[in-house]
There are 2 protein chains.
Amino acid sequence: MPETTRRADRLPGTRYGNRPTMKDVAARAGVGLKTVSRVVNGEPGVTPDTERRVQEAIDALGFRRNDSARVLRKGRTASIGLVLEDLADPFYGPLSRAVEEVARAHGALLINGSSAEDPEREQELALALCARRVDGLVVIPAGDDHRYLEPEIRAGVATVFVDRPAGRIDADVVLSDNFGGARDGVAHLIAHGHRRIGFIGDMPRIHTAAERLRGYRAAMEDAGIAVEERWMSLGATNPERVRRAAEDMLAGPGPVTAVFTGNNRVTVTVIRVLAEQSRRVALVGFDDIELADLLQPGVTVVAQDSAALGRTAAERLFRQLDGTLVAPERIELPTRLITRGSGELPPAD
Amino acid sequence: MPETTRRADRLPGTRYGNRPTMKDVAARAGVGLKTVSRVVNGEPGVTPDTERRVQEAIDALGFRRNDSARVLRKGRTASIGLVLEDLADPFYGPLSRAVEEVARAHGALLINGSSAEDPEREQELALALCARRVDGLVVIPAGDDHRYLEPEIRAGVATVFVDRPAGRIDADVVLSDNFGGARDGVAHLIAHGHRRIGFIGDMPRIHTAAERLRGYRAAMEDAGIAVEERWMSLGATNPERVRRAAEDMLAGPGPVTAVFTGNNRVTVTVIRVLAEQSRRVALVGFDDIELADLLQPGVTVVAQDSAALGRTAAERLFRQLDGTLVAPERIELPTRLITRGSGELPPAD
DNA sequence: CTCGCATCTGACAACGTTGTCCAGGCTCTA
DNA sequence: TAGAGCCTGGACAACGTTGTCAGATGCGAG
């Protein structure tokens with residue numbers, strides 16, 4: 001099969017396996033080094049005939065410009081970094097994709113990494129990206145102290161935080177209205193007659209979790225309901241703990257008649273638990289989930305627009321790079337209550 | 001608030017805003033350039049006292065090694081590229097994450113980009129990554145001719161294709177058993193008494209779609225069932241077309257009693273359509289979907305392990321870089337039929 | 001006290017590209 | 001035909017790092 005390449009063809013040994021450089025192209029085309037550079041970059045000042053000869057040499061040698069050298073010379077990498085929690089989480093896919101699209105529109109590549117919710121790993125990753133001299137950084141914080149980025153920001157790395165605010169530095173932040181969204185969601189349950197309402201969320205050291213908890217408390221207080229300690233479960237990170245927490249608050253005397261869940265992962269687990277109950281328990285979840293409308297009953301959620309979060313953050317980042325922006329700002333995007341049935345169930349004591 | 005940094009502190013003007021270099025560190029510490037390099041890279045041959053002085057200078061200046069220059073000198077970037085179709089697709093999140101974890105274990109960063117199913121964009125992206133001198137490339141092909149990668153592969157860029165095979169070049173490929181999975185899924189429907197079975201899938205120019213279609217045809221043929229043209233819909237890419245296709249094959253004389261869907265997006269749409277039908281129609285879908293078990297009925301699927309695909313591909317890529325591998329190979333991972341109810345419904349004529 | 005050796009340090013070139021600047025050849029005009 | 005001006009092409013330095021190699025320093029042994 002003459003039309004294929006076998007790996008055995010590859011030149012062994014030397015670095016990059018003897019990749020041709022502009023010098024090689026110049027020699028082959030019989031022109032100067034800079035002339036090749038001009039052709040490659042589409043700069044003016046090359047006669048059509050010379051350009052053709054250079055182009056032929058490029059094609060013949062399979063030359064490809066070395067962007068590392070280019071970056072070293074020019075000082076801009078045309079790439080931005082994205083540090084997020086977990087790409088496998090359905091919440092971050094669209095966000096990442098939105099950031100990528102904006103980057104692409106600005107001719108930049110996106111490098112991303114997952115912090116796995118570990119502050120140390122977040123720092124390690126962010127600094128590795130800075131060492132590559134990304135032009136900017138979009139960070140979904142795992143930690144709560146970002147002073148380690150001070151030298152980078154001072155050195156000109158555009159930085160925007162998303163989903164959670166930065167810790168101890170003054171920087172651009174784009175978030176959802178976690179407090180308001182949670183308060184509205186819980187108020188919705190109260191409006192449908194519930195008073196014993198459970199809350200299952202992430203560790204309060206995570207800003208979004210703390211804000212949503214605050215929203216829950218605010219809604220309850222507004223309604224004059226005293227929250228009992230056992231209605232709340234914080235830091236339920238894995239499905240087993242969420243399950244136990246849900247079962248606990250559904251059992252015993254004075255069980256909850258409704259549950260507010262603090263994020264999509266918790267919601268999914270709680271849906272399973274509720275499906276096993278004989279009694280109908282109301283549910284409102286933070287974050288939308290796919291197929292929520294097809295379940296019985298449909299799942300009422302407080303939805304945030306993760307793509308909009310990413311897009312807004314990335315656009316702001318490039319405006320920093322343009323020099324258009326000066327003062328860091330905190331942008332809060334609204335959430336949307338989507339009623340589908342589960343949040344409208346009446347209390348079943 | 002003395003503990004925060006304001007962007008206004010940033011030095012204006014010069015490239016990178018005056019980022020300190022090893023030279024600056026050396027000057028401040030009163031040592032030679034190479035000594036700084038040694039400290040930064042943890043090379044031996046530096047007295048503790050000197051090391052301390054250098055470290056102090058590094059901290060004082062906020063120095064961070066410029067990896068672009070390092071790459072230029074060393075020839076390895078310790079980064080790999082991933083070209084996939086759409087990060088927002090739940091199928092690719094875990095795959096990407098798996099690749100990232102393997103890369104991380106090898107001390108490499110992951111740069112990824114979405115091709116949006118456009119061959120031209122795939123090529124553009126892959127070559128941009130090569131220009132950055134990534135050490136390797138994991139590609140989920142959108143196009144069917146990858147000869148443009150020949151010079152790169154020859155130059156030593158490790159390359160692995162995932163999910164779909166490479167076109168016109170001989171390279172490592174990791175895929176799911178699309179043919180077998182689809183055949184088993186359709187056979188499962190036949191075993192439950194169905195004979196008029198619909199197939200809704202992607203454009204057959206996409207390898208996975210073609211294979212799954214082939215599996216459908218094989219299962220039908222094995223059972224001695226002549227497939228009617230109007231039972232098949234190929235190239236239904238957006239929800240509207242899928243919906244129409246499903247409605248068409250469910251209407252008219254001799255409607256299908258079961259549907260096999262070719263990917264997760266199609267499955268989701270078809271679930272919606274079936275939910276509106278008065279008659280119970282059986283369904284088996286390719287790709288698992290979240291909450292499939294909680295629907296009424298649960299959705300029977302042919303599941304592929306996207307994380308395993310990513311992990312296998314990345315591991316193979318690093319083995320190429322180790323020099324452990326020689327001959328390109330085609331690795332096929334098995335799929336798994338998960339029965340949840342929708343695929344076990346009897347025909348309702 | 002001096003030599004030799006081991007240890008530590010630094011000068012220098014090179015990586016591949018781009019920006020600056022100058023040389024040479026051409027055209028056009030007087 | 002000579003001079004001015006324009007256009008094209010190329011020599012050279014610089015970007016920040018690392019590998020090479022030779023010099024400096026200190027210590028112990030003879």
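Proteins come first, then strands; the chains are lettered A, B, ... in the order of their sequence lines, and each starts at number 1.
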Listed partners of [X] passing side chain to side chain donor-acceptor pair (under 3.5 Å), at least two apart:
X	value
A/Thr312	none
A/Thr35	none
B/Glu100	A/Ser114
A/Asp145	A/Arg147

ring-ring contact (aromatic ring centres under 6.0 Å, His included) pairs, two or more places apart, involving residues 25-82 of chain B: none

Pairs involving residues 21-40 of chain A, ordered by first then second residue, that meet ring-ring contact (aromatic ring centres under 6.0 Å, His included) (sequence neighbours left out): none

Calculate the interatomic distance between [X] atom [atom1] and [N] atom [atom2]; express it in whole Å.
X	N	atom1	atom2	result
B/Arg19	D/dC15	CZ	P	16 Å
A/Asp67	C/dG16	CG	C1'	11 Å
B/Leu61	D/dG16	CG	P	14 Å
B/Lys23	C/dG10	NZ	C1'	14 Å

Kindly state which residues belonging to residues 44-53 of chain A come within less than 4.0 angstrom of DNA chain D, counting heavy atoms of the residue only, listed by number. A/Gly45, A/Val46, A/Thr47, A/Thr50

For A/Phe318, ring-ring contact (aromatic ring centres under 6.0 Å, His included) partners two or more places apart: A/His106

Looking at residues at least two apart in the chain, or sitting in another chain, which of them share a ring-ring contact (aromatic ring centres under 6.0 Å, His included) with A/Phe161? A/His146

Under-3.5 Å N/O pairs linking protein and nucleotides 18-21 of chain D:
from: D/dT18; atom 1: OP1; to: B/Asn41; atom 2: OD1; distance (Å): 3.3
from: D/dT18; atom 1: OP1; to: B/Asn41; atom 2: ND2; distance (Å): 3.1
from: D/dT18; atom 1: OP1; to: B/Arg70; atom 2: NE; distance (Å): 3.0
from: D/dT18; atom 1: OP2; to: B/Ser37; atom 2: OG; distance (Å): 2.8
from: D/dT18; atom 1: OP2; to: B/Asn41; atom 2: ND2; distance (Å): 3.2
from: D/dT18; atom 1: O2; to: B/Arg73; atom 2: NH1; distance (Å): 2.2
from: D/dG19; atom 1: OP1; to: B/Lys74; atom 2: NZ; distance (Å): 3.4
from: D/dG19; atom 1: N7; to: B/Lys34; atom 2: NZ; distance (Å): 2.9

SB check B/Asp49 B/Arg53 (cutoff 4.0 Å): yes

Salt bridge or not for A/Glu101 and A/Arg97, using N-O below 4.0 Å? yes

Mind checking what makes salt bridge (charged side-chain N to carboxylate O under 4.0 Å, His left out) contact with A/Arg64, not counting sequence neighbours?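 Counting only residues at least two positions away or on another chain, A/Arg64 forms a salt bridge (charged side-chain N to carboxylate O under 4.0 Å, His left out) with B/Glu152.
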
How bent is the helix from C/dC1-D/dG30 to C/dA30-D/dT1, measuring the angle between the end axes built from five pairs each, rounded to 10°?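 Overall, the helix from C/dC1-D/dG30 to C/dA30-D/dT1 bends by 60° from one end axis to the other.
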
Considering only D/dG10, D/dG16, C/dG16, which nucleotide approaches the side chain of A/Val31 most closely? D/dG10

